[in-house]
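Encoded as structure tokens, the structure appears first; notes follow it.
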Amino acid sequence: MRIAYALLDPGIGVFGTKGASVHVQEVIRALRAEGHEVIVFCTRTDQDVPADLVDLEVHRHRLRSGTPAEREQAVAAAAAEIAREIAAGGFDLVYERYSLFSDTAARLSAPTDPGSRTIPSILEVNAPLIAEQREHRSLTDEEGALAATRRQLHGASVVSCVSEAVAQWTREAGAAPGRVVLTPNGVNTTRITPAPRPLAAPAPDAPVTVGFVGTLKPWHGTDLLLRALARTEERLRLDICGTGPQQSELERLAAELRIADRVRFRGAVAPAQVPGVLHGLDIAAAPYPAGEHYFSPLKVYEYLAAGLPTVASAIGSIPELLGNGTLGMLVEPGDVQELATALDELAADPGRRAHLAVSARESALAEHDWRSRCRQLLGRLSSGAPTEAVA
């Protein structure tokens, strides 16, 4: 198939380094690996172009600068322009990542121009963006955002949601239940692999490295991980891969806790470098705090594929993803002492770490590869999108 991939969110670069950009790249890779031609239409690119995507055709529609209200209007205008370009491009499918004020795919599923061809579409919904934007950023025209969202949900052939909480939100916002499918995040098991086996066993007194990969934002709980590290009794070090608005605050916290010499802040890391970072870890952490958890944690899928024993908060879809504790250790969200105890237990038990590593990798290969995710999703499109979840 000839697929138009539409991404109008001005906060997500196709070739960026944060999780959303990685998600975009992996879906594109999976679609291309399945033999489809993918052409991207976006409002932002960024500069970290992976070697295997250098040949990707990308049409960028630059948004004019201005006030928040003007930026919202610019996204809506770009949606109309991109829809016209896709309509003229002979595409078989539009795959759009849900973005505020965009209705690109909806315009193509119900064209108003006489003689225009209807193009089926998949709308990928990763979060209830209206509530997110209102709470964490700036939203001027909420009614306009809601209207565009409803057009998208009504027009999509398939509404693909990363979690059941997001799926429920789309139904409440107007998506036809029969078109909503659950498609959790996945992982590229070819790109993310376990570390090569060392030729010799590490020294008994060698420090154990705990790792966190992700954007440094409050809802990722990195501060909890620092506080837990300060309470651990084993020889543990922490490697933080990623940056974000909390980095300076977290660096100060590490100093206040007197663990700065045990913590490495790598800053932004290109996705191509993440597999190497994961190879340097002994334990991975996903220390989400208590609260609403509607997303599908990309980092945990990567931890599984890398064969890393993982300590994660028992929140949202994580317990199921970690086999209710058979593929990792689950702790109460926000419980610093329980997190510290779990890290100590894993650090002191290399045999258990080795067992979890093998089980984690097997799970990623069998259940969570991006290619199988996309293959199943396209199958739902051709079969009429029944409501059963994509496993």
Side-chain angles (χ1 to χ4, degrees), residues 5 7 9-33 38-60 62 97 99 124 126 185-196 209-217 219-220 222 225 237-248 250-251 263-286 295-308 310 364 368-371 373-374:
Y5 186 106
L7 172 64
D9 190 326
I12 303 173
V14 175
F15 301 125
T17 61
K18 62 184 183 180
S21 296
V22 172
H23 185 284
V24 169
Q25 293 166 24
E26 293 295 10
V27 170
I28 292 170
R29 282 192 182 99
L31 291 171
R32 294 193 348 154
V38 181
I39 297 175
V40 175
F41 298 82
C42 66
T43 60
R44 176 174 171 179
T45 53
D46 291 349
Q47 305 301 317
D48 293 288
V49 184
D52 65 329
L53 296 180
V54 169
D55 64 335
L56 180 66
E57 185 176 340
V58 178
H59 297 237
R60 181 184 179 187
R62 295 179 181 272
R97 182 179 174 116
S99 306
E124 176 194 283
N126 297 278
N185 277 334
V187 63
N188 185 333
T189 56
T190 301
R191 189 176 72 88
I192 305 290
T193 60
T209 301
V210 178
F212 170 89
V213 177
T215 308
L216 303 184
K217 293 181 177 178
W219 53 87
H220 285 166
T222 323
L225 185 56
R237 301 183 61 84
L238 176 59
D239 195 346
I240 297 177
C241 175
T243 190
Q246 272 200 310
Q247 180 161 339
S248 296
L250 292 171
E251 289 173 345
V263 181
R264 178 181 183 183
F265 288 91
R266 288 179 178 265
V269 174
Q273 297 175 309
V274 169
V277 172
L278 294 173
H279 287 172
L281 306 180
D282 300 299
I283 299 170
F295 40 93
S296 180
L298 188 65
K299 63 171 62 62
V300 179
Y301 290 95
E302 292 186 339
Y303 295 161
L304 290 174
L308 286 171
T310 298
H368 305 305
D369 190 87
W370 270 124
R371 288 187 64 174
R373 287 277 197 268
C374 289

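Atoms CD and CZ, from Glu57 and Phe41 in turn, are 7.0 Å apart once rounded to the nearest 0.5 Å. Of the inter-residue distances, the one linking Leu238 atom CG with Leu225 atom CG reads 5.0 Å to the nearest 0.5 angstrom. Here the OG1-CZ distance, from Thr43 to Arg60, works out to 7.5 Å after rounding to the nearest 0.5 Å. To the nearest 0.5 Å, the span separating CD on Gln273 from CG on Leu278 amounts to 12.0 Å. The line from CD1 of Ile283 to CZ of Arg237 is 14.0 Å long, rounded to the nearest 0.5 Å. Note that CG of Asn188 is 10.0 Å distant from OG1 of Thr193, once rounded to the nearest 0.5 Å.
For the pair Arg32 and Leu56, the minimum side-chain heavy-atom distance is below 4.5 Å. Side chains of Arg29 and Trp370 form no contact here, defined as non-hydrogen atoms less than 4.5 Å apart.
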Audit row: Val27, Glu124, side chain to side chain contact (heavy atoms under 4.5 Å, CB included) steps and yes/no: CA-CA 11 Å; Val27 170; Glu124 176 194 283; 4.0 Å; yes
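Listed by chain and residue number, Lys217 satisfy the side chain to side chain contact (heavy atoms under 4.5 Å, CB included) test with Pro245 (two or more places apart in sequence, or in another chain). Arg191 is linked by a salt bridge (charged side-chain N to carboxylate O under 4.0 Å, His left out) to Glu26, Glu302, counting only residues two or more places apart in sequence or in another chain. The salt bridge (charged side-chain N to carboxylate O under 4.0 Å, His left out) test applied to Asp239 returns Arg266, not counting sequence neighbours.
Ring geometry for Phe212 against His220 counts as tilted: the plane angle lies between 30° and 60°, on a 0 to 90° scale.
Proximity of a side-chain donor or acceptor of Asp282 to a complementary backbone N or O of Thr209 within less than 3.5 Å is detected. Not a single donor-acceptor pair under 3.5 Å links the side chain of His368 to the backbone N or O of Thr189. A donor-acceptor pair is defined here as one N or O able to donate and one able to accept, closer than 3.5 Å; no such pair exists between the side chain of Asp46 and the backbone of Asp48. Panel note: side chain Arg97, backbone Val24; no donor-acceptor pair is recorded below 3.5 Å. In this structure a side-chain-to-backbone donor-acceptor pair under 3.5 Å is missing from Thr243 to Ala268.
Residues Tyr303 and Gly211 approach most closely at OH-O, 3.9 Å, considering heavy atoms. Annotation for Ala270 and Thr17: closest pair CA-CG2, 3.9 Å, computed over non-hydrogen atoms. A pairwise comparison of heavy atoms in Gln25 and Pro50 identifies OE1-CG, 3.6 Å as the closest pair. Here the closest non-hydrogen pair linking Leu53 and Ile28 is CD2-CG2, 4.4 Å. Counting all heavy atoms, side chain and backbone alike, Cys374 lies closest to Ala30 at SG-CB, 3.7 Å.
Among Val14, Val58, Thr45, the one residue that satisfies the side chain to side chain contact (heavy atoms under 4.5 Å, CB included) test with Leu7 is Val14. No option in Val22, Val187, Asn126, Val213 other than Val22 meets the side chain to side chain contact (heavy atoms under 4.5 Å, CB included) test with Leu298. When each of Gln247, Lys299, Lys18, Gln246 is paired with Thr215, the side chain to side chain contact (heavy atoms under 4.5 Å, CB included) condition holds for Lys18 and for no other.
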